[in-house]
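Since the structure comes first, as C-alpha cells, the remarks are kept for the end.
The shown structure was predicted, so the numbers you read here are calculated from the model rather than taken from an experiment.
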Amino acid sequence: MSSEKITLSVNDLSVSFQQGDKQVHIVKNISFDIEHNKTVALVGESGSGKSLTAHSIMRLLPYPLAFHPSGEIWFSNDWDVSAGGVTTGVAKKTHKNERCEKCIELLSRPLESMMAIRGHDIGMIFQEPMSALNPLHTIEQQIGESVNLGYFGTEKGLSKQAIQKRVLSLLKQVHIVDPESKLSAYPHQLSGGQRQRVMIAMALANRPKLLIADEPTTALDVTVQKEILDLLKELQREYKMSILLITHDLGVVKYLADQVFVMQQGEIVEQGNTCDVLNNPQNDYTKLLMDSCPKGEPVELKANDCPVVVETKHLNVIYNKNKPLFGKCKDFFLALEDINFKLQEGRTLGVLGESGSGKSTLALAILKLIESKGVIELDGCDISKLNEKQVRPFRSSMQVVFQDPFSSLSPRMSVKQIISEGLHLQNLSAKNDASKTKLSDDDIDKMVNDIMQEVGLSPDTKHRYPHEFSGGQRQRIAIARAFILNPRLVFLDEPTSALDRAVQMQVINLLRKLQAGRKLSYIFISHDIHVVKAMSHEVMVIKNGQIVEHGNAKRVLDNPEHPYTQKLLKATL
C-alpha cells in the first residue's frame, strides 16, 4: 500500500453514448490514480478514449447523450491513501465515508456545481490553442476571465488594476517575452508557442491542484515543444500540482511522465512506471506503439541524372509592414532572402525550421500564391513573371497536402466531390482550349475509384463525408485529391503532425510508395526531424528567411555543422 497522497482517483469508469436505439460503449471500466505532485500519462491512438476520460473528469461531455454506466472519480488535494484503504493503481474503494472530508466525487455532482471546480481546482490545457482561444477577445480579457473565476460568487471581486497585475504576473511565469505588449494582442497575432503559453497561463490562473494537458505540444516546433514541456515541469515544482497528460507522442511521455497508462479501444492494456513500460513493454499494442516511431530510408534513387523539376534562383519575399493608406510603405520585412536550390525528379527535399522561419512562405512563393522576386523554374519554364491566368496551366503540376486534413476538406462535400474537384476545374479549362480533352463523368468516376484504391481507401466509401472517417483516412483523402491530377511536384506541409504515431507510419509508407511509382518530387515541410529523416534525400534548414544549412539528409542530420541545426536536433525528444 502506498503512503502517498492521491489528488485524483478514477475507479471503474465507463463512458457510453446513446445513438438512436443503440448504446455505444467507448471507455470500459478503467481505473487509475494520480499521486500528488506527479505526472500520469494516458497514451493511445485516436479513438482509444483518452480525451473522453479527461472530459469526464471535467464533466464536459455532451450529457445526456453521453452517460456513465459505471464509475467514480474522487478528487482531493489532501488524501492519504493509507487512511482510506486505497491501493495505488488499483483504486479499491469501499465506502464514501472512509475518505477524508475534503474528498469529492465528481460524477455524482450536479453539473452546475462543477463551475466552482473547473479552472479553480482542476485546470485544462486544450489541444489546439487557436481553436480554444476566443479570436474576438484580447489576451488580457481571456486570462483575466480565468483570474476572476477564483472570485466567482464572492461579495468583492478584483479591481481592473489587480486583474491586469495578476495577468502580467502569469504571462511572466509562462515566460512570454515582453508581456506588457501582449495584453492588447489577439490570438492570431501570437505564434503557436506563445498561444500555448497563454493557454497554460489561463489554466494556472487559480493555482489548480490538478492540470489536465490534452496534447499540449501537438504541431509545435521541436524547440518550442521542449520549452513548453520544461515550463510544465517548472510550474509543477512551483505549484506542487499533479498533471494528467493526454498524448500519442511517446517522446513527450518519456520526458515528462512518472507513470503511463496505455489505452486501446477504451481499455487500459498496460500500466506502470514510465521507464519500465517504455523500456520493456509487455503488451503487443504497447510494442506496436513503440515500433511506430517514423523510421526507414527515403525512396531509393535509381539514377543521379534525373531532370530538375523545380529550381529557384535568388528568390526573395518582402512583406510591407504598417503600410499607409496613401503613399509608399517605408517599412519592410524580408521573409525570404536569396533562396537558391534545385530539386530533381523522384527526390524529396526536407525543409526544417521553427515557426516564422519562412518554410511555408517558401511553398507559397513557388506555388505563386504570394508575390516574390527572383527566378522560379518549373520543368525548365520560368513561371516567376507569369500572371494568374498564365500560371493556371501549371497548377495541376504543383499540388499541396496540408497539415490538418479535417480543416482542409470541405464538410459539405462528399469524398468523390472532394477528390474530383480538380478534374472538374480542368474540364472548365478544356472548354476554352481545343487542345485539351474533356473528361466524361464515367472517366472521372473511374479515376476517383482508381486513386482511392491506390491510397488505400475503399471506393465504396466515396459517397461519405469527411466526418465519417478517421484522421488517417482523411489524410489519405487529401493525398488522393492532390495526386489525382498527376502532379510533378507535391508540397507536404506537416502532413503527419496531427496524426498518431502508428497512423503517421502508414501515411509515410503510402507517400514513399506513391513517390516510387510516380517519380514524384516532394518538398516536405516539417518540424518533426524523425519524419524528415525517414522521407528526405536532402535537407534544407531555414532560419529567419535564410538557408543556414543545405545538403545530403544523412550528413546534415547526423553531423550538422551550423549551430542552429545542432540546436534543432538537440531539442528533439
Side-chain angles (χ1 to χ4, degrees), residues 4-5 7-8 34-43 54 77 119-127 129 132-133 139-140 142-144 146-147 149-150 165-183 190-247 249-260 273-275 278 354-355 527 567-573:
E4 291 294 327
K5 291 180 179 179
T7 301
L8 188 89
I34 306 177
E35 294 181 6
H36 174 64
N37 203 25
K38 299 288 185 181
T39 300
V40 165
L42 287 183
V43 180
N77 67 333
H120 189 273
D121 293 312
I122 305 176
M124 188 163 184
I125 305 169
F126 293 94
Q127 181 171 348
L133 295 173
I139 300 307
E140 181 180 1
Q142 298 192 57
I143 301 179
S146 296
V147 170
L149 276 177
K165 184 178 179 181
R166 176 71 176 137
V167 171
L168 275 172
S169 173
L170 286 165
L171 290 176
K172 289 174 183 175
Q173 277 185 303
V174 298
H175 305 314
I176 289 274
V177 178
D178 190 17
E180 289 81 3
S181 67
K182 303 299 187 293
L183 291 175
L190 304 181
S191 69
Q194 288 173 328
R195 286 194 290 266
Q196 196 63 287
R197 289 170 190 271
V198 168
M199 285 289 297
I200 294 171
M202 289 173 66
L204 299 180
N206 294 298
R207 294 180 175 265
K209 316 302 184 299
L210 172 66
L211 178 67
I212 301 174
D214 190 357
E215 301 280 7
T217 59
T218 296
L220 295 180
D221 301 324
V222 287
T223 50
V224 179
Q225 181 187 64
K226 190 169 184 298
E227 288 171 4
I228 294 297
L229 295 177
D230 287 338
L231 173 63
L232 288 175
K233 279 185 172 182
E234 176 189 325
L235 293 170
Q236 183 177 37
R237 284 193 299 269
E238 182 181 345
Y239 287 8
K240 300 286 188 287
M241 66 183 174
S242 305
I243 295 177
L244 175 60
L245 176 67
I246 311 291
T247 186
D249 192 329
L250 295 177
V252 172
V253 172
K254 190 172 184 178
Y255 191 74
L256 195 64
D258 301 296
Q259 280 193 306
V260 60
N273 177 276
T274 299
C275 291
L278 297 187
E354 295 174 289
S355 293
H527 66 261
K567 174 189 171 186
L568 291 179
L569 291 169
K570 189 176 179 181
T572 303
L573 297 176

Could you report the tightest heavy-atom contact between [X] and [Y], atom names first, then the distance?
{"X": "V222", "Y": "H527", "answer": "CG1-O, 3.1 Å"}
{"X": "A203", "Y": "M124", "answer": "CB-O, 3.8 Å"}
{"X": "K182", "Y": "V177", "answer": "NZ-O, 3.1 Å"}
{"X": "K567", "Y": "T223", "answer": "CE-CG2, 3.9 Å"}
{"X": "I34", "Y": "S242", "answer": "CG2-CB, 3.7 Å"}
{"X": "N206", "Y": "S146", "answer": "ND2-O, 2.7 Å"}

Give, for atom [atom1] of [X] and atom [atom2] of [Y], the distance between the pair rounded to the nearest 0.5 Å.
{"X": "L204", "Y": "I143", "atom1": "CG", "atom2": "CD1", "answer": "10.5 Å"}
{"X": "L8", "Y": "I243", "atom1": "CG", "atom2": "CD1", "answer": "13.5 Å"}
{"X": "F126", "Y": "I212", "atom1": "CZ", "atom2": "CD1", "answer": "8.5 Å"}
{"X": "R237", "Y": "L235", "atom1": "CZ", "atom2": "CG", "answer": "9.0 Å"}
{"X": "T7", "Y": "K240", "atom1": "OG1", "atom2": "NZ", "answer": "13.0 Å"}
{"X": "K38", "Y": "D258", "atom1": "NZ", "atom2": "CG", "answer": "5.0 Å"}

| With respect to L232, which candidate in L245, I125, T39 satisfies the side-chain contact (heavy atoms from CB on, under 4.5 Å) definition? |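 The single option meeting the side-chain contact (heavy atoms from CB on, under 4.5 Å) with L232 is I125.
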| query | Among L133, I228, V224, T217, whose side-chain contact (heavy atoms from CB on, under 4.5 Å) with Q196 holds? | reply |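 With Q196 as partner, L133, I228, V224, T217 yield a single side-chain contact (heavy atoms from CB on, under 4.5 Å), made by I228.
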Okay, side chain of [X], backbone of [Y]: is any donor-acceptor separation there less than 3.5 Å?
{"X": "D121", "Y": "K209", "result": "no"}
{"X": "K5", "Y": "N37", "result": "no"}
{"X": "R197", "Y": "V174", "result": "yes"}
{"X": "Q236", "Y": "M241", "result": "yes"}

| query | Run the side-chain contact (heavy atoms from CB on, under 4.5 Å) check on Q225 and V252 step by step: do they pass? | reply | CA-CA 9 Å; Q225 181 187 64; V252 172; 3.8 Å; yes
Report yes if the side chains of [X] and [Y] come closer than 4.5 Å at any heavy-atom pair, otherwise no.
{"X": "L170", "Y": "V147", "answer": "yes"}
{"X": "K226", "Y": "D230", "answer": "yes"}
{"X": "E354", "Y": "L568", "answer": "yes"}
{"X": "I139", "Y": "L190", "answer": "yes"}
{"X": "L211", "Y": "I200", "answer": "no"}
{"X": "M202", "Y": "Q142", "answer": "yes"}

| request: Take L183 and L171 through the side-chain contact (heavy atoms from CB on, under 4.5 Å) test and state the conclusion after the steps. | output: CA-CA 9 Å; L183 291 175; L171 290 176; 4.0 Å; yes
| request: Answer yes if the side chains of Q173 and Y239 hold a donor-acceptor pair under 3.5 Å, and no otherwise. | output: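 Looking only at side-chain atoms, Y239 and Q173 do form a donor-acceptor pair, the distance falling under 3.5 Å.
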| said: Checking E234 against H175: is there a side-chain donor and acceptor pair closer than 3.5 Å? | reply: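 Per modelled atom types, H175 and E234 side chains form a pair under 3.5 Å.
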